[in-house]
Amino acid sequence: QVQLVESGGGLVQAGDSLRLSCEASGRTLSTFAMGWFRQAPGKEREFVATISRTGTFRNYADSVKGRFTISRDDAKNTVYLQMNSLKPEDTAVYYCAAGGRYHYTARVYDYWGQGTQVTVSS
């Protein structure tokens, strides 16, 4: 069993940056591929970014490519999402997830955090 706790969300202005953290407990993160997803009010949960177990491979949604960076520090059992040049349309609850496959599909992830709110004002 893995427990994931996100942090780092908040209220920022368009163009600002935030770094989200996802800290794991219960098992070492190095055995999992990790993903970030988000859900805006009235919308379905959508893929944001994913990173492979070794950190070699990363993939991003087109809407965040070039602005967001996913990384992992297995020594700290933590995954990060650096978000730059934030836009109002990035407003959502952001969730991290752990699973056996590096993929953009939510269903392949077995463990989820509770989410952290990111609000970007114009």
Side-chain angles (χ1 to χ4, degrees):
Q1 193 75 2
V2 175
Q3 292 77 43
L4 302 174
V5 178
E6 302 95 336
S7 61
L11 172 63
V12 297
Q13 293 186 331
D16 286 350
S17 298
L18 277 176
R19 188 176 78 158
L20 305 183
S21 300
C22 172
E23 185 172 2
S25 60
R27 285 178 62 181
T28 177
L29 267 187
S30 62
T31 61
F32 295 101
M34 299 297 297
W36 284 98
F37 292 78
R38 66 187 182 186
Q39 187 167 18
K43 295 186 177 181
E44 294 189 353
R45 190 171 298 190
E46 65 174 2
F47 166 73
V48 175
T50 182
I51 187 167
S52 60
R53 296 180 189 181
T54 61
T56 303
F57 301 104
R58 309 177 193 195
N59 195 14
Y60 299 91
D62 287 343
S63 59
V64 306
K65 202 170 292 183
R67 299 188 298 121
F68 290 12
T69 302
I70 187 171
S71 61
R72 63 190 303 157
D73 185 341
D74 290 339
K76 295 183 178 180
N77 235 26
T78 301
V79 174
Y80 304 98
L81 185 68
Q82 178 67 43
M83 306 187 296
N84 298 329
S85 302
L86 282 161
K87 303 175 181 180
E89 50 263 44
D90 295 319
T91 295
V93 177
Y94 283 71
Y95 300 88
C96 72
R101 293 175 58 191
Y102 153 78
H103 207 267
Y104 57 84
T105 304
R107 66 176 182 270
V108 309
Y109 294 89
D110 302 307
Y111 304 101
W112 292 81
Q114 83 291 345
T116 186
Q117 177 71 47
V118 172
T119 303
V120 184
S121 63
S122 57

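Every value quoted in this text rests on a predicted model; they were computed, and no experiment measured them.
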- F37 ring centre to R45 NZ or CZ under 6.0 Å, with the angle to the axis within 45°? no

- Query: Would you say Y102's side chain and R58's backbone share a donor-acceptor pair under 3.5 angstrom?
  - Reply: yes

- Out of curiosity, does V48 fall in the hydrophobic cluster containing L29 (side-chain heavy atoms, cut-off under 4.5 Å, transitive links)? yes

- Consider only side-chain heavy atoms of I, L, V, M, F, W and Y, link residues closer than 4.5 Å, and tell whether Y60 and Y95 are in one cluster. no

- Message: Donor-acceptor pair, distance only, cut-off 3.5 Å: does the side chain of R72 make one with the backbone of G55?
- Response: no

- Query: With distance as the sole test, does T91 use its side chain to make a donor-acceptor pair with the main-chain N or O of V120 at under 3.5 Å?
  - Reply: yes

- Query: Measuring from L20:CG to W36:CH2, what's the distance to the nearest 0.5 Å?
  - Reply: 4.5 Å

- Could you tell me whether the side chains of E23 and S21 share a donor-acceptor contact shorter than 3.5 Å? no

- Message: Does K65, at its NZ atom, have more than 12 non-hydrogen atoms belonging to other residues, nucleotides or ligands within less than 6.0 Å?
- Response: yes

- Query: Is there a donor-acceptor contact under 3.5 Å from the side chain of N59 to the main chain of T50?
  - Reply: no

- Are M34 and Y109 in one and the same hydrophobic cluster, where Ile, Leu, Val, Met, Phe, Trp and Tyr link if side-chain heavy atoms are under 4.5 Å apart? no

- Task: Write down the atom of P88, the atom of A14, and the distance for their closest heavy-atom approach.
- Result: CD-CB, 4.1 Å

- If you round to the nearest 0.5 Å, how far is CD of Q3 from CD of Q114? 11.5 Å

- Query: Of the non-hydrogen atoms in L81 and A49, which two are nearest, and what is the gap between them?
  - Reply: CD1-CB, 4.2 Å

- Query: Under the 3.5 angstrom rule, does the side chain of S121 hit a backbone N or O of V12 as a donor-acceptor pair?
  - Reply: yes

- Message: Using the rule given for side-chain contact (heavy atoms from CB on, under 4.5 Å), can you reason through V118 versus R38, listing the C-alpha separation, both sets of side-chain angles and the distance that settles it, and then say yes or no?
- Response: CA-CA 9 Å; V118 172; R38 66 187 182 186; over 6 Å; no

- Note on the structure: OG1 (T78) and CG (L4) are apart, to the nearest 0.5 Å, by 10.0 Å

- Item | Spacing of CG belonging to N84 relative to CZ belonging to F68, to within rounding of 0.5 Å | 8.5 Å

- Hey, could you give me the CZ/CG distance between F32 and D74, rounded to the nearest 0.5 Å? 11.5 Å

- Message: To the nearest 0.5 Å, what is the distance between CG on L18 and CD on Q82?
- Response: 8.5 Å

- Message: Between E6 (side chain only) and C96 (backbone N and O only), is there a donor and an acceptor less than 3.5 Å apart?
- Response: yes

- Query: How far apart are the closest heavy atoms of Q117 and A92, and which atoms are they?
  - Reply: NE2-O, 3.4 Å

- Task: Evaluate the criterion side-chain contact (heavy atoms from CB on, under 4.5 Å) for residue pair Y111 and Q1; output intermediate values, then yes/no.
- Result: CA-CA 8 Å; Y111 304 101; Q1 193 75 2; 3.7 Å; yes

- Honestly curious: do Y80 and M83 fall in one hydrophobic cluster under the side-chain, below-4.5 Å linking rule? no

- Considering all heavy atoms of both residues, which atom of A33 and which atom of R53 are nearest to each other, and what is their separation? N-CG, 3.6 Å

